[in-house]
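Read the numbers this way: they start at 1 and go in the same order the structure lists the ligands and their atoms. This one's a predicted model, so the numbers in the text were calculated from it and none came from an experiment.
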Amino acid sequence: MEDTEKRKLSRRSLFKGFAGITGAVGAVAALANSATKADTPISTYSSPSMHHDAHTQMGVVGDVGTQNFDPTRFLTDFDYGEVSKTGGQTVREYTVVAEDVEIEIAPGIFFPAWTYNGTVPGPTIRCTEGDFIRIHFTNTGSHPHTIHFHGIHPGNMDGVFEIVHPGDDFTYEFTAAPYGLHLYHCHSVPLKRHIHKGLYGTFIIDPKDGGRPMVKEKREIKEMVMVMNGFDTNFDGDNEVYAVNTVAFHYQRHQIKLRLNEPVRVYLVNVTEFDPINSFHLHGELYEVYRTGTTLTPHDYTDTLVLCQGERHILEFSFKYPGKYMFHAHQSEFAELGWMGLFDVIDEEAPIA
Ligand code: CU
Ligand code: CU
């Protein structure tokens, strides 16, 4: 059998028997344990008991420790840097350290990640168009890395040719432009390996003059960052675990609470490696799409959006009815392997400002 075909089969055949249920952890654990290379350790403990009788929801048994990284906190954890002024221009300085860290991506499933500042994704770097950005980057990891920012900047600040070797550092400097939803990631080769190991993050440049409106129909907008990612736990060039913000099914176990008519703004970034596309599907509502965040006028109104790797958009919506609403990749396979969460809309109007 051709190799790729074999890999695909090994992943997909796991769906037989668990029909997208709590037994998923068994499948995920089995995959994680099937690591074949001795130099790519995956530590797992035997997964908690699989409940084959629970055929009502997807998910996994148990939970993931949040001491190092809490996906719920991450939603609104914006890093505005150290702020100062030079000649009227706002200067923002950030410290980013590349480090090798083992992260937990599903209950009991650990992944030997390469990180920016110890977490995957790295910090959400946020600034305003026209700010002068200075990133102090140090590589304490085991491989050469860089930080490549999307956006406008000089070629020598692009994080492609200035490779930062272990123990070295580099300072990236540029004026933030254009406003929009961007991302940053390592650009060392092999690129797919460096990205998929966890070296990426969100880069938000707010428009000048107060940024995007924070109030819609007199209600305060709730912002959140969602980075769609995947993990190849056995290093076969295929993802075994998918998520938004790294931890499989996190927002199913820790649902995102909303109120009726509460406006939500999602900064959605796709960094999924190996699969050509990922997608965001919302139940019970449709959302407005601001392509790449480089516009203040929505260009689409839909409930399913397809993104290539590196593509990112701002979504805005609010729920008119109370209840629980799924959000997930519309590729069912990704959803069943972790990329699924829930909004819990409580029967209470969002206050009018
Ligand atoms: Cu790298
Ligand atoms: Cu890129």
Side-chain angles (χ1 to χ4, degrees), residues 39-40 94-103 111-127 133 135-172 174 176-205 225-232 235 237 239 244-246 267-278 280 291-294 305-314:
D39 61 336
T40 52
Y94 303 83
T95 303
V96 177
V97 179
E99 35 185 330
D100 299 0
V101 175
E102 191 175 67
I103 60 167
F111 179 78
W114 298 344
T115 74
Y116 291 127
N117 290 357
T119 62
V120 178
T124 297
I125 293 178
R126 191 161 185 177
C127 61
I133 304 300
I135 313 262
H136 303 281
F137 176 54
T138 307
N139 183 4
T140 68
S142 53
H143 291 73
H145 300 305
T146 69
I147 311 179
H148 161 69
F149 285 86
H150 285 222
I152 301 171
H153 47 248
N156 62 352
M157 291 293 141
D158 198 39
V160 172
F161 306 111
E162 290 74 14
I163 298 298
V164 185
H165 291 277
D168 285 355
D169 52 68
F170 190 89
T171 302
Y172 299 94
F174 53 89
Y179 79 76
L181 171 55
H182 306 300
L183 67 154
Y184 63 89
H185 56 82
C186 181
H187 219 293
S188 297
V189 287
L191 194 53
K192 64 181 179 191
R193 205 37 83 186
H194 283 249
I195 292 180
H196 129 274
K197 285 280 265 180
L199 289 165
Y200 47 78
T202 302
F203 178 39
I204 299 171
I205 304 181
V225 172
M226 292 192 181
V227 178
M228 306 195 285
N229 51 5
F231 296 91
D232 173 11
F235 300 89
N239 294 310
V244 265
N245 302 339
T246 300
Y267 293 92
L268 179 71
V269 181
N270 180 26
V271 292
T272 315
E273 193 56 79
F274 307 123
D275 296 283
I277 57 161
N278 203 330
F280 184 101
R291 193 171 179 82
T292 319
T294 49
L305 191 63
V306 171
L307 295 89
C308 162
Q309 190 194 50
E311 224 177 335
R312 65 278 181 194
H313 304 300
I314 295 174

key: Sole candidate of Phe203, Phe137, Tyr94, Phe149 that passes ring pair (Phe, Tyr, Trp, His ring centres under 6.0 Å) when paired with Tyr184   = Phe149
task = For Ala98 and Asn139, work out which heavy atoms get closest and say how close.
result = CB-OD1, 3.6 Å
task = Verify, without hydrogens or angle tests, whether Asn278 (side chain) and Asn270 (backbone) share a donor-acceptor contact under 3.5 angstrom.
result = no
task = Mind listing the closest non-hydrogen atom pair of Leu199 and Tyr116 along with its distance?
result = C-CE1, 3.3 Å
inquiry  = Side chains of His145 and His194: any donor to acceptor distance under 3.5 Å?
reply    = yes
ask   = Measuring to the Cu ion (ligand 2), does His185 have an N/O/S atom at a distance below 2.8 Å?
value = yes
Near the Cu ion (ligand 1) (cut-off under 2.8 Å), count of protein N, O or S atoms = 3
ask   = Any idea which heavy atoms bring Ile103 and Phe231 closest together, and the distance?
value = CD1-CE2, 4.1 Å
